[in-house]
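Just so you know, ligand 1 is whichever comes first in the structure, and atom 1 is the first atom listed for that ligand. Given the structure is predicted, the values throughout are model-derived calculations rather than measurements. Values below: all heavy atoms of this structure, side chains included; hydrogens, waters and symmetry mates excluded.
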Amino acid sequence: MSDLHNLSVKALANLLHTKEVSAVEVATRFLARMGGNPHNAFLDIDSEVTLAQARASDAKLADGTAGPLEGVPVAHKDVFVTRDFATTAGSKILSGYRSPFDATVVQRLRTAGMVSLGKLNCDEFAMGSANENSAYGPVQNPWDTARVPGGSSGGSAAAVAAGLAPAATGTDTGGSIRQPASFCGITGIKPTYGRASRYGMIAYASSLDQAGPMARSAEDCALLLSAMCGADLDRDSTSLDMPTEDFAASLNNSLEGLRIGIPKEFFGKGLHADVRAAVDGALREYEKLGAKLVPISLPRTELSIPVYYIIAPAEASSNLSRFDGVKFGHRAKDYTDLVDMYKKTRAEGFGNEVKRRIMTGAYVLSHGYYDAYYLQAQKIRRMIADDFQNAFKECDVIAGPVAPSVAWKFGENAGDPVADYLADIFTLPASLAGLPGMSVPAGFGVGGMPVGLQLIGNYFKEAQLLNAAHRLQQATDFHLRKPEGI
Ligand code: GLN
């Protein structure tokens, strides 16, 4: 089978269960494609580990104990700790770090049968929107290697788009699953905050961080999401005490009468015409499928940028204090005393963007500024969540662009971090509210680059989002298009 790398998760699972291919054959194909590390998507590959997992999966397929995704490969964002691969979170400070355990999400996907292909490049500690902040070099967008893949899960998006992995994990704190999925023309979903355990996910901003799947289609995302999610209360007290759900069960539900809210703040100035045209096209498709478009307002959309860029760095400044050269990763060589060791280790180990966020975070939490910045931001965060609840009185799901533009060219925003921050405007609101959100391929814009449609649902409505995305994908073929040569 020459096109194994272009098959969906679902198709691969079927072929594996009917023994038309073996897990070792599938893994071998992907490992061959990963040779030379195209697009700099991977940070750690170990074919021995992958093949050992594939052999174990073949044994389970043979003796009837196979999980639903047995033998299907997946690659993990380097923010998830793994026992069998190094984990760096894209940072020099964790160079060569080996975790003594697997993150819950990694472990759950393995239990479902998935074979790990290795670890994927990302912005350092998931801070970024372009994957230009990785200590291990940027990831190229497979659609145009002169352009960024988005971030921070840029390696995940590029790997799926380039056929290096049928699916990947990502993490989303302020858009890091949705935006790279949009930039690379794949599908990704960030579930409701708490759906997936954060245990073993290297913390960036703990009140926002969520794990989710990235794959070609909504159907594949549903299969992974069902396997990833579930209560893990002993290890992550914010994980939701809810039964696991079969997110694939309702994919084919009719959209007749579905009310899709269109927030006017998502279509104002700043939205590029090419993105708008693609999003409008997808909305027309929804009307044809029986959905009704309802104008709504999310009045504090613009405030989500300052609010997020206060709260996330504040939490990061606390979370990243553990990287001090004592227990993890890098330690400076020449130092005079303990404080000097901390200073030198952190100065050497962290990149500029991480340092910027730690400083911003420490500043907004400091005495005298806490009330003016952090406390105000928390209050507005609540109002942003309230805006969504008001909107959901009038609609079932909300739709709009994922990002104001298609993927930009390397260096375009270089030296101007605020330009990157502003581009997060449409993904931050759902993150601040803890709502599920996804990106669905909706067409192509400037330079032939993919455009994603964002769907936002109310709490725990992932199944509804995936249903809406799947129906769009039954009616369009944007998610099936591939970069040239893939
Ligand atoms: N771009 C945002 C940031 O830099 C979001 C990143 C994320 O979701 N991890 O913080």
Residue contacts for ligand 1, heavy atom to ligand atom, distance under 4.0 Å: A126, M127, G128, S129, S152, D172, T173, G174, G175, S176, Y204, Y308, Y309, R357, D424
With F478, which residues qualify under ring pair (Phe, Tyr, Trp, His ring centres under 6.0 Å), at least two apart? none
Do [X] and [Y] have ring centres separated by under 6.0 Å?
| X | Y | value |
| --- | --- | --- |
| Y199 | F101 | yes |
| Y421 | Y309 | yes |
| W143 | F183 | no |

Less than 4.0 angstrom from a charged side-chain N to a carboxylate O is my criterion; do D236 and R198 meet it? yes
Does S317 use its side chain to pair, donor to acceptor, with the backbone of A314 at less than 3.5 Å? yes
